[in-house]
Number of protein chains: 2
Amino acid sequence: MRILGIDPGSQRTGVGIVDADAAGKARHVFHTALAVLDADSFPLRLKRIYDGLCAIIEEHRPEEAAIERVFMARNPDSALKLGQARGAAICAVVSRALEVHEYAPMEIKQAVVGGGGADKAQVQHMVSVLLGLQGPLQADAADALAVAIAHAHTRATVGRIGIPRTAWRRRR
Amino acid sequence: MRILGIDPGSQRTGVGIVDADAAGKARHVFHTALAVLDADSFPLRLKRIYDGLCAIIEEHRPEEAAIERVFMARNPDSALKLGQARGAAICAVVSRALEVHEYAPMEIKQAVVGGGGADKAQVQHMVSVLLGLQGPLQADAADALAVAIAHAHTRATVGRIGIPRTAWRRRR
């Protein structure tokens, strides 16, 4: 099962792809950070995110997608910017008919580091270790790989204990 | 010049299209409110906005697009939701190679009612009057038509006084 992880942002969008086996073990396929700051306008940044993700999906053919749930953005202005980037990313994914699964930050840390209290640096370090990557890993790409690993882990766990997991909780 | 106005929202996205003459007078072409609440998940709501706008652009072939600038969202949670809807809408527009122009709420009121202090009901009423529409007009569709009218008005003014207007201020 090939999984696409996304960490959207209005400046950089992290993208990570892993192959997961039935036991939930993830193997690295691809990662990048789509930098969009040099686009000529904010709409064109969103287009870069959308087009960039569509091209990556086209090339690597992931079967499911995972994204971090946003619990509380810092302030309305940054929430709006993040939301726009997230909207562009999710549009790209659903336009390619991929299911999107959301994970809380705590679930991602639990899957990658084994504890919900880990800091960002620990998560990045463990992503490199788990996937056997050499050299420094860009932070947003690491977060994208982390959510993909969390999804790989959850799929395997859910498979073992037989609980159907809904793709995205219905919200009002 | 055919202008597409959009009023994005996570529950309903207003869409309005007008034809503008050189003097800035707008003629009604089309309006609707894309209701997305009944979509099965939040990502599918965004897909509805994206697909819905793409279909409308395909059918009516607007040449430019206008959207209301968000100054201050009420809170981070609603800003995130609005941002995602806005991201999906802007993606649809830029994927069809339309320029997106942003207008402050005050500029829209000024164009439609002639004063920046007008309330929402006044704006809706004046949109109907200016475009010669009969019967009640859905609120989000009215807001979308209002921003299209504001763009028609600004284009004509800018044309007369010869100031080039940039499509979207570059932001960091």
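Convention: sequence-line order gives letters A, B, ...; per-chain numbering from 1.
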Let me confirm one number: the NZ-CZ distance from A:Lys81 to B:Arg86, rounded to the nearest 0.5 Å. 11.5 Å
Residues at least two apart in sequence or cross-chain that pass side chain to side chain donor-acceptor pair (under 3.5 Å) with B:Asp19, listed by chain then number, are B:Arg2, B:Arg27
If I compare all heavy atoms of A:Ala79 with all of B:Ala79, which pair ends up nearest, and what's the gap? CB-CB, 3.8 Å
Where do B:Ala88 and A:Cys91 come nearest, in terms of heavy atoms and distance? CB-SG, 3.5 Å
Are [X] and [Y] linked, directly or through other ILVMFWY residues, by side chains that come within less than 4.5 angstrom of each other?
{"X": "A:Leu4", "Y": "A:Ile49", "value": "yes"}
{"X": "A:Val112", "Y": "A:Val18", "value": "yes"}
{"X": "A:Leu133", "Y": "A:Ile3", "value": "yes"}

Inter- and intrachain pairs under side chain to side chain donor-acceptor pair (under 3.5 Å), touching residues 124-141 of chain A, at least two apart: A:Arg12-A:Asp140, A:Gln138-A:Asp140
The residue among A:Ile90, A:Leu98, A:Val93 that forms side chain to side chain contact (heavy atoms under 4.5 Å, CB included) with B:Pro43 is A:Ile90
Are A:Leu80 and B:Leu82 packed together at the side-chain level, in the sense that at least one heavy-atom pair is separated by less than 4.5 angstrom? yes
